[in-house]
Amino acid sequence: QVQLVESGGGLVQAGGSLTLSCAASGRSSEIYAMGWFRQAPGKDREFVGSISRSGGSTISPDSVKGRFFIYRDNGLLRTVRLQMNRLKPEDTAKYYCAVRSGPAPSSYDYWGQGTQVTVSS
């Protein structure tokens, strides 16, 4: 079992920055990769990015490439951050951290409760 706690969300003006954090506890052997997702009201959940156990990272939607970055805190396996720069109102969503326990891209087995990010125009 892996437990996840996100933090760092809040209200920010457009153009501002936020850094979200995700702390994992439990069985580190089940952490193949950690990812971030977001879900805006009335929309489907969207994959934002992930970082693997080996440190390789990916950011997915074109809308956030070059603005969002995912990295580990001091190289620690259990702590992942999502740095979000030049935020836009359309980035408003609840952001979730998740753990993938295997190589299949869709095998996210553990989820946090989410942290709200609101970007005002």
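Scope of the values below: all heavy atoms of this structure, side chains included, with no hydrogens, waters or symmetry mates.
Counting heavy atoms from C-beta on, the side chains of S63 and E90 never come closer than 4.5 Å.
Taken together through direct or relayed side-chain contacts under 4.5 Å among Ile, Leu, Val, Met, Phe, Trp and Tyr, F69 and L87 form parts of separate hydrophobic clusters. Placement of L77 and V99 within a single hydrophobic cluster is found when ILVMFWY residues are connected by side-chain heavy-atom separations under 4.5 Å, directly or transitively. Taking hydrophobic clusters as Ile, Leu, Val, Met, Phe, Trp and Tyr residues chained together by side-chain heavy-atom distances below 4.5 Å, I51 shares a cluster with L20. Under the 4.5 Å side-chain heavy-atom criterion for grouping Ile, Leu, Val, Met, Phe, Trp and Tyr, I31 is not connected to F47 through any hydrophobic cluster.
Open room surrounds CZ on R27; 12 or fewer heavy atoms of other groups in view lie less than 6.0 Å from it.
Expressed to the nearest 0.5 Å, how far CZ of R78 lies from SG of C22 amounts to 11.5 Å. Remark: I70 CD1 to Q83 CD distance equals 11.5 Å, nearest 0.5 Å. Rounding to the nearest 0.5 angstrom, the gap separating the CD1 atom in I59 from the NZ atom in K65 is 9.0 Å. Note that OG1 of T79 and OH of Y71 are 11.0 Å apart. Values are rounded to the nearest 0.5 Å. In this structure, OG in S50 is found 11.0 Å from CG in L82, a value given to the nearest 0.5 Å. Rounding to the nearest 0.5 Å gives a distance of 8.0 Å between CD of Q113 and OH of Y96.
Closest heavy-atom contact between A14 and S121: CB-CA, 4.3 Å. The heavy-atom pair separating V2 from A24 by the smallest distance is CG1-CB, 4.1 Å. Taking all atoms of both residues into account, the shortest heavy-atom contact from G9 to V117 is CA-CG2, 4.2 Å. Taking both residues in full, the closest heavy atoms of C97 and L4 are given as O-CD1, 3.5 Å, listed atom of the first, atom of the second, then distance. Closest non-hydrogen pair, S21 versus W36, comes out as O-CH2, 3.6 Å. In plain terms, the two heavy atoms of Q1 and Q3 that are nearest each other are CB-NE2, 3.6 Å.
Qualifying side-chain hydrogen bond (donor to acceptor under 3.5 Å, both in side chains) partners for T19, counting only residues two or more places apart in sequence or in other chains: none. For the side-chain contact (heavy atoms from CB on, under 4.5 Å) test, residues two or more places apart in sequence or in another chain that qualify with T118 are L11, T92, Q116. Scored by the salt bridge (Lys or Arg N to Asp or Glu O under 4.0 Å) test, R45 finds no partners at all (sequence neighbours excluded). Partners of E30 according to the side-chain hydrogen bond (donor to acceptor under 3.5 Å, both in side chains) rule, which considers only residues two or more places apart in sequence or in another chain, are Y110. In this structure, R100 has no salt bridge (Lys or Arg N to Asp or Glu O under 4.0 Å) partners at least two apart in sequence or on a different chain.
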_side chain to side chain contact (heavy atoms under 4.5 Å, CB included), that's the test. Do R38 and F68 meet it? Break it down for me._
CA-CA 13 Å; R38 67 183 183 181; F68 288 17; 3.9 Å; yes

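For an aromatic pair to be called close, the ring centres must be under 6.0 Å apart, and F37 with W111 satisfies this.
Salt bridge status for K88 with D91: absent, with no side-chain N to carboxylate O gap under 4.0 Å.
Between the side chain of E6 and the backbone N or O of T115 there is no donor-acceptor pair closer than 3.5 Å.
For the residue pair R53 and Y32, no side-chain donor N or O sits within less than 3.5 Å of a side-chain acceptor on the partner.
Counting only residues at least two apart or in different chains, salt bridge (Lys or Arg N to Asp or Glu O under 4.0 Å) contacts with residues 9-19 are absent.
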